[in-house]
Amino acid sequence: MSHVIIQNSTHPLLQPIRAKYCRSFTSKFAGLMMKPEIDQFTGILLVEKRDSRVETSIHMLFMRFDITVVWINSDMRVVDIKLARKWQPYLAPAQPASFVLETHPQQFSSFKIGDYLEFFHE
C-alpha cells in the first residue's frame, strides 16, 4: 500500500496529512466507505489520469462520518473544497481536477481555492 505526505505550500500545515494513494479502481471504489472513523491527520488521495469534473465526482453513500474533500488539478492547485456530509448522493468539483483528497472534517480550514500543494511519496 502506497502513501503520500501532503503539504500545503501556500499555507503550510503544522502537521502534514498522510494519505493512502489510490490509483486502482478497487482502491478508489472502496475509499472510506464503511470505515468507522478517520484520524485528523490522515486521509485518502484518489488519483485520476487527467483533469475532469465527472471522473473526480464522489458520493457519500455508506459513509459513517462527514469529511473534508479537496479537489486538486494537475498543476497541484486546489480548485474546490467542500464539507461532504455522510449519505450525500453526489459531489463534483467546480473546476476539473486530477486528485481528490478525502480527509478529516477539521481539515476544512487548512485549504483554500488556489493553494499550491505538494505530495511526497513515502
Next on the checklist: So that I know where these two stand, are H121 and Y21 an aromatic pair - ring centroids less than 6.0 Å apart?
Outcome noted: yes
Are side-chain heavy atoms of [X] and [Y] found at a separation under 4.5 Å?
{"X": "R77", "Y": "I72", "result": "no"}
{"X": "I58", "Y": "V100", "result": "yes"}
{"X": "I81", "Y": "K112", "result": "no"}

Once rounded to the nearest 0.5 Å, what's the spacing between atom [atom1] of [X] and atom [atom2] of [Y]?
{"X": "C22", "Y": "E48", "atom1": "SG", "atom2": "CD", "value": "11.0 Å"}
{"X": "H11", "Y": "D115", "atom1": "NE2", "atom2": "CG", "value": "5.0 Å"}
{"X": "T68", "Y": "K82", "atom1": "OG1", "atom2": "NZ", "value": "13.0 Å"}
{"X": "L117", "Y": "L101", "atom1": "CG", "atom2": "CG", "value": "8.0 Å"}

Donor-acceptor contact present, side-chain [X] to main-chain [Y], <3.5 Å:
{"X": "D51", "Y": "S74", "answer": "yes"}
{"X": "N73", "Y": "D75", "answer": "yes"}
{"X": "R23", "Y": "V47", "answer": "no"}
{"X": "Q15", "Y": "F41", "answer": "no"}
{"X": "E118", "Y": "S9", "answer": "no"}
{"X": "N8", "Y": "P12", "answer": "no"}
{"X": "T10", "Y": "Y116", "answer": "yes"}

Indicate the atoms forming the closest heavy-atom contact of [X] with [Y], along with that distance.
{"X": "R53", "Y": "P96", "value": "CG-N, 3.6 Å"}
{"X": "T103", "Y": "T42", "value": "OG1-O, 2.7 Å"}
{"X": "S57", "Y": "A92", "value": "CB-CB, 4.0 Å"}
{"X": "I6", "Y": "A19", "value": "CD1-CB, 3.9 Å"}
{"X": "Q40", "Y": "Q107", "value": "O-NE2, 2.8 Å"}

Item to check | Step-by-step side chain to side chain contact (heavy atoms under 4.5 Å, CB included) determination, L45 to K20 | outcome: CA-CA 6 Å; L45 186 68; K20 180 180 171 187; over 6 Å; no
Item to check | Side-chain donor-acceptor pair present, H104, D39, cut-off under 3.5 Å | outcome: no
Checklist entry - How far apart are the C-alpha atoms of E102 and L46, what are their side-chain angles, what is the distance that settles it, and do they pass the side chain to side chain contact (heavy atoms under 4.5 Å, CB included) test? => result CA-CA 8 Å; E102 297 181 355; L46 309 175; 3.5 Å; yes
Checklist entry - Restricting to pairs with a member in residues 66-101, which pass ring-ring contact (aromatic ring centres under 6.0 Å, His included), not counting sequence neighbours? => result F62-W87, F99-F119
Checklist entry - Other hydrophobic cluster members with F120, side-chain heavy atoms of Ile/Leu/Val/Met/Phe/Trp/Tyr under 4.5 Å, chained? => result I5
Checklist entry - Is it true that R85 and D66 have a side-chain N and a carboxylate O under 4.0 angstrom from each other? => result yes
Checklist entry - Does a salt bridge link K49 with E55, judged by any charged N lying under 4.0 Å from a carboxylate O? => result no
Next on the checklist: Testing D80, V69, I17 one by one against F111 for a side-chain contact (heavy atoms from CB on, under 4.5 Å), which residue passes?
Outcome noted: I17
Checklist entry - E122 and R18: side chain to side chain contact (heavy atoms under 4.5 Å, CB included), yes or no, with the steps? => result CA-CA 9 Å; E122 287 189 322; R18 183 176 189 261; 2.9 Å; yes
